[in-house]
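Report on the structure given below.
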2 protein chains.
Amino acid sequence: MARLPIYHRVLSQITERGIVTVSSEELAAASGVSSAKLRKDLSFLGSYGTRGVGYDAAYLLYQIQRELGLTQDWPVVIVGVGNLGHALANYGGFANRGFRVVGLIDADPELIGETVTVGRDGEILKIQSLNDLEKIVNEVDALIGVIATPAAAAQDVCDRLVDCGVTSILNFAPVVLTTTLDVHVRKVDLATELQILAFHEQRRGDAHEVIV
Amino acid sequence: MARLPIYHRVLSQITERGIVTVSSEELAAASGVSSAKLRKDLSFLGSYGTRGVGYDAAYLLYQIQRELGLTQDWPVVIVGVGNLGHALANYGGFANRGFRVVGLIDADPELIGETVTVGRDGEILKIQSLNDLEKIVNEVDALIGVIATPAAAAQDVCDRLVDCGVTSILNFAPVVLTTTLDVHVRKVDLATELQILAFHEQRRGDAHEVIV
DNA sequence: CTCACTTTGTGCATACGTTCACAACTACCT
DNA sequence: AGGTAGTTGTGAACGTATGCACAAAGTGAG
């Protein structure tokens with residue numbers, strides 16, 4: 001389920017506040033879903049709650065972590081270190097969620113060799129050349145790749161990543177990537193998100209005009 | 001529908017290549033969906049195709065633009081001009097898709113006054129103070145706001161934007177925002193996307209172990 | 001021990017999105 | 001004109017996700 005990460009985050013915050021027991025109502029409210037939906041989602045993992053009481057926050061958190069595969073560390077390679085690539089590399093939310101950025105790759109000779117601090121603990125990483133992509137990926141044994149390149153380069157980078165054994169790709173470039181079926185591709189498109197908002201904005205405006 | 005922006009992008013590319021007629025098969029393949037799904041999506045807008053021939057690419061593109069509200073220009077305010085905010089401001093895909101970044105707001109005094117080039121045509125914008133948020137939003141009459149702040153500040157910024165009349169919000173901060181029902185909130189969470197990939201990666205690994 | 005109260009887990013009904021299959025329509029060739 | 005190939009639009013079947021409602025199970029007071 002795609003909502004597990006949300007529950008995971010909410011539970012993290014809750015346990016940090018020292019709360020030990022949480023009901024489905026509370027957890028659902030904090031996650032922005034209905035309590036019935038939440039209970040069904042959690043029952044998918046097993047019966048980790050106790051009736052009349054609620055869920056043990058820490059225990060439930062651990063179970064979700066296990067289900068999400070967050071008990072291990074996933075090495076991640078980022079290709080394309082422009083503004084977005086920088087933002088991703090610096091994003092603090094990765095380190096404590098089972099991800100470690102282990103490779104920064106760009107095609108721009110100007111950028112190669114530049115150092116970037118990744119994560120919040122100040123680890124330093126050098127930007128490496130696109131030519132060495134295969135070598136880098138094999139060295140760090142990355143299964144997850146992030147594409148933050150311009151649209152024109154995305155498909156080529158994708159093919160090369162897949163050739164090196166990468167099986168999960170997060171794509172920020174505004175193109176539809178084609179790969180074999182066994183590769184998981186997720187797309188995040190900034191313009192698309194705004195367009196969806198504009199769509200609703202416009203429908204709102206239309207409805208208004210009818211009323212007025 | 002959430003797939004309209006994809007069709008829009010694909011159609012843009014197709015018309016730029018001078019292609020005048022396109023069948024549902026072709027368009028579906030380029031968009032990564034099935035042809036039946038695409039036809040149903042398009043029939044939602046009306047009957048803009050001709051049987052036996054296909055769709056007139058330019059005409060269909062215009063109809064989608066109209067439906068998405070892209071025939072007008074939406075002013076957008078970005079709050080939080082860190083790495084991600086910069087990436088968004090520079091993102092070239094907005095300008096030619098009906099969006100204009102008209103406000104950059106940050107809380108950091110160091111950043112205020114700094115100039116940023118937004119879009120690809122080199123328009124220059126000054127970063128303004130969070131204190132002036134209300135004034136700025138009212139001045140440019142923005143209905144769409146982007147939150148790229150740290151998690152701790154997001155809810156406060158959201159409330160203030162809504163108070164100024166913003167009715168659509170794109171949230172990059174890793175928190176669940178609570179607002180009134182009439183405000184459209186979309187969330188893009190980078191860590192969540194990676195977690196979903198890791199989830200599939202792990203299941204893949206589990207299955208493998210069983211076989212081995 | 002019993003009773004009143006709380007909360008989970010789940011069977012069932014409903015709504016939604018997707019796929020299938022085909023009638024309706026167009027273009028073109030003979 | 002008639003027939004064949006190609007393509008859209010859509011009704012019907014299917015599967016999945018959501019919401020409802022309640023039995024099962026736990027807690028605590030008297």
Side-chain angles (χ1 to χ4, degrees), chain A residues 1-8 10-11 14-15 19-64 67 176 181 184-187 192 196 199-200 203, chain B residues 1-8 10-11 14-15 19-64 67 176 181 184-187 192 196 199-200 203:
Chain A
M1 291 284 181
R3 284 184 296 272
L4 247 42
I6 301 179
Y7 304 151
H8 175 258
V10 172
L11 272 171
I14 282 179
T15 51
I19 296 171
V20 57
T21 292
V22 64
S23 76
S24 64
E25 266 330 318
E26 296 164 335
L27 196 52
S31 306
V33 299
S34 76
S35 65
K37 204 190 294 194
L38 180 131
R39 285 204 299 278
K40 213 155 226 156
D41 287 347
L42 294 188
S43 75
F44 177 73
L45 307 184
S47 291
Y48 297 129
T50 43
R51 305 177 183 210
V53 180
Y55 298 90
D56 180 302
Y59 185 52
L60 183 58
L61 178 59
Y62 171 73
Q63 292 299 340
I64 292 180
E67 185 72 16
V176 183
L181 276 316
H184 260 281
V185 178
R186 284 189 74 83
K187 197 178 127 200
T192 294
I196 294 172
F199 170 73
H200 292 301
R203 287 183 81 86
Chain B
M1 290 285 180
R3 285 184 295 270
L4 247 43
I6 301 180
Y7 304 151
H8 175 258
V10 172
L11 272 172
I14 283 178
T15 51
I19 297 172
V20 57
T21 292
V22 64
S23 77
S24 64
E25 284 296 344
E26 296 164 336
L27 197 51
S31 305
V33 300
S34 76
S35 65
K37 203 191 294 193
L38 180 130
R39 286 204 300 277
K40 208 151 230 153
D41 287 347
L42 293 188
S43 75
F44 177 74
L45 307 183
S47 290
Y48 296 129
T50 43
R51 306 179 181 210
V53 181
Y55 298 91
D56 180 303
Y59 185 51
L60 183 58
L61 178 60
Y62 171 73
Q63 291 298 341
I64 292 180
E67 184 73 16
V176 183
L181 276 317
H184 260 282
V185 178
R186 283 189 74 83
K187 194 176 133 211
T192 295
I196 294 171
F199 170 73
H200 293 299
R203 288 182 80 86

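Residue numbering restarts at 1 for every chain, and letters A, B, ... go by the order of the sequence lines.
- Nucleotide C:dG17 holds its P atom 19 Å from the CZ atom of B:Arg39, rounded to whole Å.
- Considering only side-chain N and O atoms, A:Thr50 lies nowhere under 4.0 angstrom from the phosphate OP1 or OP2 of D:dG26.
- When the side-chain nitrogen and oxygen atoms of B:Ser24 are compared with OP1 and OP2 of D:dT8, one or more of them lie within a distance under 4.0 Å.
- At least one donor-acceptor pair under 3.5 Å links the side chain of B:Ser23 to the backbone N or O of B:Glu26.
- For B:Ser23, taking side-chain heavy atoms from C-beta onward, the closest of the listed nucleotides D:dT7, C:dT19, C:dT8 is D:dT7.
- What separates CD of A:Gln63 from P of C:dT8 is a distance of 17 Å, to the nearest Å.
- Taking atom OH of A:Tyr55 as the reference point, atom P of C:dT7 lies 12 Å away to the nearest angstrom.
- Whole-Å rounding puts the B:Leu38 CG to D:dT7 P distance at 14 Å.
- Inter-residue side-chain proximity for B:Leu42 and B:Tyr7 is flagged as met; some heavy-atom pair is nearer than 4.5 Å.
- Under 3.5 Å, the side chain of B:Lys40 and the base of D:dG9 form no donor-acceptor pair of N or O atoms.
- Remark: C1' of D:dA17 and CG of A:Asp41 are 10 Å apart, rounded to the nearest angstrom.
- The distance between atom CG of A:Leu42 and atom P of D:dT18, rounded to the nearest whole Å, is 13 Å.
- Mapped onto DNA chain D by nearest heavy atom, A:Met1 and B:Ala36 fall at different nucleotides, with B:Ala36 at the one closer to the 5' end.
- The separation between B:Tyr48 atom OH and D:dT10 atom P is 12 Å, rounded to whole Å.
- Summarising the geometry of B:Ile196 relative to A:Pro5, their closest heavy-atom pair is CG1-CG, 4.2 Å, with the distance given to 0.1 Å.
- A:Lys37 places its NZ atom 18 Å from the P atom of D:dT16, with the value rounded to the nearest Å.
- Within the 4.0 angstrom heavy-atom criterion, no nucleotide atom of any strand lies near A:Ser35.
- Centroid-to-centroid, the aromatic rings of A:Tyr59 and A:Tyr48 come within less than 6.0 Å.
- Classification of A:Glu25 and A:Arg39 as a salt-bridged pair fails, no side-chain N sitting under 4.0 Å from a carboxylate O.
- Distance from the side chain of A:Arg51 is smallest to D:dA24 among D:dA24, D:dT8, D:dT18.
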